[in-house]
Amino acid sequence: MNLHEYQGRELFARYGLPVLPGQVAGTPEEARDIATHLGGTVVIKAQVLVGGRGKAGGVKLAASPGEAYEKAKAILALTIKGLPVTRVLVAQAADIARELYCSITLDRAKKLPLVMISAEGGVEIEEVARTAPEKIQRFHVPFLTGLLPFQARALFRPALPDGKQVAQAADVLLKLWRLYEDADASLAEINPLVVTPGGEIKALDAKVIVDDNAEYRHREWAEWRNPEDETPSARLARQKGLSYVKLDGDIGCVVNGAGLAMATLDLIKHYGGEPANFLDIGGSSSPEKVTTALKIITGDSNVRAILFNIFGGITRGDDVARGIVQSLDASPLSVPLVIRITGTNEEQAREILAGRGLAATTSMDEGVRTVIARAQEVAA
Ligand code: GDP
Ligand code: MN
């Protein structure tokens with residue numbers, strides 16, 4: 001789950017990271033009141049889950065409550081990268097002498113957390129990473145020791161001119177490290193981490209991604225989830241324990257097992273088709289899971305044909321077949337359905353399907369080619 005900046009900065013504050021006071025507003029009036037309360041210049045920031053808000057006009061300074069009202073009104077009218085802005089953060093503004101970049105992420109290739117620090121932070125960090133990767137300090141954090149103070153200081157030494165600033169910035173990074181570990185984060189990023197003209201270090205942005213697999217030990221995450229940040233299909237899948245990822249194509253896929261699901265997507269691509277989703281109904285599939293899967297997939301209006309690819313092991317073919325029949329009885333499909341079932345109880349599965357006038361192949365290759373052809377017929 002991606003946290004909004006206002007949620008991330010709440011976490012930051014809890015871990016003692018230097019964020020400036022602020023509050024979230026849903027209307028220009030609220031923004032004006034918060035600005036009055038904070039006093040002085042404030043920054044108004046769109047709360048949408050994408051980067052590059054600054055460049056898109058979603059971050060503006062306001063010198064007075066009246067200006068805060070106007071800027072908030074303008075930002076609340078924006079749609080940034082397809083996401084309508086429904087809330088803004090109103091925070092005390094900082095004066096900036098320098099902008100640094102500081103993040104901790106998971107390096108899956110090395111299987112270790114990775115700290116990245118750059119003296120050239122701010123809105124151009126992607127540019128720096130592309131054109132001058134050597135300007136970014138990197139450090140893989142060993143699991144046994146965690147991040148140690150001398151390592152944190154060494155990372156900032158090339159970026160900052162004096163020991164006092166290095167010590168302050170290192171302290172920020174060590175706190176960020178604790179947060180990263182405690183919150184089961186896969187990303188904790190401060191961009192920009194700024195140095196004020198007075199030499200103080202402040203965190204002006206907070207980007208945190210937490211690992212959904214750890215939800216069971218973080219009660220507050222349920223409250224952090226905003227309904228509008230999640231599509232209805234994604235929500236249904238999460239609630240019912242199905243792994244679902246929406247893709248851009250037109251062939252809906254219901255598969256058991258993540259490996260087979262990946263292989264199915266590959267084979268669809270191989271034969272010139274475009275998958276509409278990744279969906280793993282899991283190892284042991286009740287008829288109910290199949291019904292849910294079909295509900296999720298038919299919720300995607302791009303879908304022109306649906307493929308079931310079931311290799312029965314612990315998953316029983318008859319359970320899946322029963323789920324398909326139950327779903328069709330409840331609500332008939334408006335797109336063609338192609339079924340491949342082999343493995344456990346495949347004979348029974350075939351009988352159940354035949355009773356409903358449905359055929360199933362045992363060949364994955366044939367199933368994939370057929371579903372691509374059906375989707376093309378629908379498109380034509
Ligand atoms: P992003 O573009 O979505 O990452 O949004 P950021 O929160 O990082 O803001 C983008 C840019 O706005 C920053 O790099 C700063 O240059 C500027 N900015 C953000 N907060 C402040 C602030 O308090 N004062 C000043 N002067 N500039 C700010
Ligand atoms: Mn930023």
Side-chain angles (χ1 to χ4, degrees), residues 2-13 17-25 31 34-35 37-65 67-68 71-72 74-105 115-130 135-136 159 169 172-173 176 179-180 185 187-209 226 229:
N2 287 17
L3 302 192
H4 280 286
E5 178 186 9
Y6 71 90
Q7 296 165 330
R9 72 202 303 282
E10 234 179 86
L11 267 184
F12 275 24
L17 285 144
V19 292
L20 292 166
Q23 272 179 12
V24 70
I34 297 167
H37 178 74
L38 290 172
T41 301
V42 295
V43 60
I44 317 270
K45 306 175 76 176
Q47 297 299 287
V48 283
L49 293 174
V50 290
R53 295 166 305 168
K55 279 187 178 170
V59 178
K60 298 238 182 285
L61 293 172
S64 67
E67 206 181 323
K71 298 274 166 72
I75 293 174
L76 284 164
L78 293 176
T79 296
I80 301 178
K81 297 181 186 168
L83 296 174
V85 181
T86 60
R87 275 173 303 223
V88 291
L89 172 73
V90 183
Q92 216 174 70
D95 286 329
I96 301 176
R98 298 189 47 201
E99 302 194 29
L100 314 181
Y101 174 88
C102 170
S103 74
I104 306 171
T105 182
V115 178
M116 287 191 276
I117 305 293
S118 169
E120 295 178 32
V123 295
E124 303 291 353
I125 186 67
E126 284 84 3
E127 192 60 24
V128 175
R130 203 166 32 242
K135 288 189 178 162
I136 300 176
V172 167
L173 176 57
L176 191 70
L179 181 155
Y180 177 88
L187 173 74
E189 180 190 87
I190 314 174
N191 185 34
L193 177 69
V194 304
V195 186
T196 67
E200 298 286 308
I201 307 278
K202 301 283 178 198
L204 291 202
D205 194 3
K207 186 167 178 191
V208 179
I209 301 177
N226 294 302
D229 296 333

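We count residues from 1, following the sequence as given. Whatever order the structure lists ligands and atoms in, that order sets their numbers, starting from 1. Just so you know, these numbers use all the heavy atoms, side chains as well, and skip hydrogens, waters and symmetry mates.
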Should the proximity of Lys55 to ligand 1, defined as any heavy atom under 4.0 Å, be assigned to the side chain, the backbone, both, or neither?
neither
List the closest protein heavy-atom neighbour of atom 11 (C) of ligand 1: residue, atom name, distance to the nearest 0.1 Å.
Val123 CG1, 3.9 Å
How far is atom 21 (C) of ligand 1 from its nearest protein heavy atom, and which residue and atom is that?
Leu204 CD1, 3.5 Å
of all protein heavy atoms, closest to atom 14 (O) of ligand 1 is Glu99 OE1, 2.8 Å
Could you check which N/O/S atom of Asp205 is closest to the Mn ion (ligand 2)?
OD2
What protein heavy atom sits nearest atom 6 (P) of ligand 1, and how far off is it?
Asp205 OD2, 3.6 Å
List the closest protein heavy-atom neighbour of atom 12 (O) of ligand 1: residue, atom name, distance to the nearest 0.1 Å.
Val59 CG1, 3.6 Å
Is there a side-chain contact between Leu100 and Ile117, using heavy atoms and a 4.5 Å cut-off?
no
If you take the nearest heavy atom of each of Lys45, Lys60, Gln92, which one is closest to atom 7 (O) of ligand 1?
Lys45
Among all protein heavy atoms, pick the one closest to atom 8 (O) of ligand 1 and tell me residue, atom and distance.
Asn191 O, 3.0 Å
Check ligand 1 against Gly52 and write out every atom of the ligand that is under 4.0 Å from a heavy-atom position of the residue.
2 (O), 3 (O)
For atom 26 (N) of ligand 1, which protein heavy atom lies nearest, and how many Å away is it?
Ala94 O, 3.3 Å
Please list, in number order, the atoms of ligand 1 under 4.0 Å from a heavy atom of Ala93.
23 (O)
Considering both backbone and side-chain atoms of Gly54, is one of its nitrogen or oxygen atoms within less than 3.5 Å of a nitrogen or oxygen in ligand 1?
yes
Show the atoms of ligand 1 that are less than 4.0 angstrom away from any heavy atom in Leu61.
24 (N), 25 (C), 26 (N)
If the cut-off is 2.8 Å, does any N/O/S atom of Glu189 fall short of it from the Mn ion (ligand 2)?
no
Reported CG-to-NZ distance for the pair Leu76 and Lys71, which is rounded to 0.5 angstrom:
14.0 Å
Among all protein heavy atoms, pick the one closest to atom 28 (C) of ligand 1 and tell me residue, atom and distance.
Ile96 CD1, 3.8 Å
Can you check whether Glu5 has an N/O within less than 3.5 Å of an N/O in ligand 1?
no
